[in-house]
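Each ligand, and each atom within it, is numbered from 1 in the order the structure gives.
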Amino acid sequence: MPSDDAFLIDLDGTLYHGERMVPGADKLIETLNERGIPFLFLTNNSSAAPEAVALRLNKMGIPARAEQVCTSSMAAAAYMAGRKPGASAAVFGEAGLKNAVEAAGLTLFDEADGTPDYVLQGIDRQFTYEKLARAGRLILAGAEFVLTNPDLLLPSESGLMPGAGTLGAALESMTGVKPAVIGKPSPVLMNFAFNLLGVGAAQVTVIGDNMMTDIKAGAESGCRSLLVLTEEGVTTPSNLERHKKLAGTEPDLVKANLHELREWVLHL
Ligand SMILES: [Mg+2]
C-alpha cells in the first residue's frame, strides 16, 4: 500500500551549505522521486526566485524543478494579496521578493503614492541607514509591517551574517511595531506549503537542521518534525539539548545524517 506521507524539506544546512551539497542530498531526493512521495523544498530565504533556487540545486547535482520550491517570499506575497488583493507594498529585499510581490498581483509602492498598504522586508544585502529610515517612516505612517522570516544569523562561507530578522529587529525598535512574520516557525509559510502540496498537516513531515525554525514550525503548525544532525547544519549532537530548551519543543524524529534519513524513507 502506498504511504500518504509528504515532506517539506529545508535547504540551507539540510541539503546544502553555501555552494556545497550535504552528502547524500542527491540520493535522498532521487529516492523521494522514485517512490513518488510528494515533497517541496521549503526555505525561509526570500532572496531568490524559485527558478534560481532550482538551478542552484541542479548545479550541485540535486534534481529540482522551480514548482517544487516554496519560499517565504511566495508565502508573504500570498498572505498580503489574500488580505488585500492588489494592495501596494514597499519592498525592502532582493530580487526574489520583488518578483513574488508582482507575481501575486500586488503593486510595488512608488514614493509619490503616499503610504503603501504594506512594508514588506526580507533579507537585503544592500540595506542602509537611509532604507531603515524610509521603511520605518512608512510603518509609522500606517503601513502594515510584514517580515519574510525571523532568522537572526545566516551561516556563510565567510562567517556568520545578519539575517532578515536582524534587519527586522532594527525596524521594530525604530517603530515599536511587531511585524507579521511569515517564515518558519510561523504557521503562515507552513499552511501555504500544505496548500501547495494539497495535503493536510497530519500527512506532512517537516525536515530540517534548525530547532528554532524547522522543528518549532512543525510543532506550531501541527505536522510531524524530523531533525537532521548534518555536519553542515545548525544542530549538532553536542548542542542538541541546549537547542531543544531554546526552542521549547522536541523533534518527533532525529536522524544522524541524510543517508540515515534516506534509509528511513525507503522503509515507509
Ligand atoms: Mg536550515
Side-chain angles (χ1 to χ4, degrees), residues 7-26 28-29 32 39-48 50 52-54 56-57 60 62 64 68-75 96 122-123 147-166 181-190 192-193 204-221 223-240 242-244 246-247 249-262:
F7 294 112
L8 294 173
I9 309 171
D10 174 56
L11 291 176
D12 203 357
T14 300
L15 297 187
Y16 59 63
H17 178 67
E19 298 307 317
R20 201 155 39 85
M21 182 184 86
V22 172
D26 48 354
L28 170 67
I29 300 304
L32 291 173
F39 69 93
L40 293 173
F41 301 103
L42 184 72
T43 180
N44 265 5
N45 190 331
S46 66
S47 66
V53 174
R56 183 175 177 183
L57 288 164
M60 291 177 211
I62 302 171
Q68 293 174 308
V69 177
C70 179
T71 71
S72 65
S73 289
M74 296 159 66
I123 185 76
L147 174 63
T148 54
N149 59 299
D151 299 62
L152 296 174
L153 287 174
L154 297 182
S156 87
E157 269 138 328
S158 52
L160 287 172
M161 305 292 280
T166 319
V181 178
I182 305 300
K184 296 173 278 186
S186 165
V188 176
L189 175 60
M190 298 298 285
F192 178 74
V204 175
T205 304
V206 61
I207 296 170
D209 66 302
N210 190 324
M211 284 297 306
M212 270 67 81
T213 54
D214 306 309
I215 304 308
K216 200 166 177 185
E220 303 211 341
S221 64
C223 74
R224 181 157 72 166
S225 64
L226 188 154
L227 181 73
V228 274
L229 304 172
T230 68
E231 278 176 32
E232 294 78 1
V234 168
T235 319
T236 60
S238 57
N239 68 26
L240 176 58
R242 189 166 60 83
H243 282 213
K244 278 186 193 171
L246 284 172
T249 188
E250 297 257 345
D252 296 305
L253 295 157
V254 181
K255 299 293 168 196
N257 52 52
L258 296 183
H259 305 295
E260 206 176 274
L261 172 54
R262 178 171 169 268

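A search for ring pair (Phe, Tyr, Trp, His ring centres under 6.0 Å) contacts involving Y16 returns nothing, not counting sequence neighbours. The ring pair (Phe, Tyr, Trp, His ring centres under 6.0 Å) search around F41 returns F39, not counting sequence neighbours. Evaluation of the side-chain contact (heavy atoms from CB on, under 4.5 Å) rule for L152 yields T166 as partners, not counting sequence neighbours.
Here the protein contributes D10 OD2, D12 O, D209 OD1 as N, O or S atoms under 2.8 Å from the Mg ion (ligand 1).
Of the candidates C223, C70, P185, C223 is the only one forming a side chain to side chain contact (heavy atoms under 4.5 Å, CB included) with M190.
Side-chain N/O atoms of N44 and S72 include no donor and acceptor closer than 3.5 Å.
Other residues, nucleotides and ligands contribute over 12 non-hydrogen atoms within 6.0 Å of the CD atom of E220.
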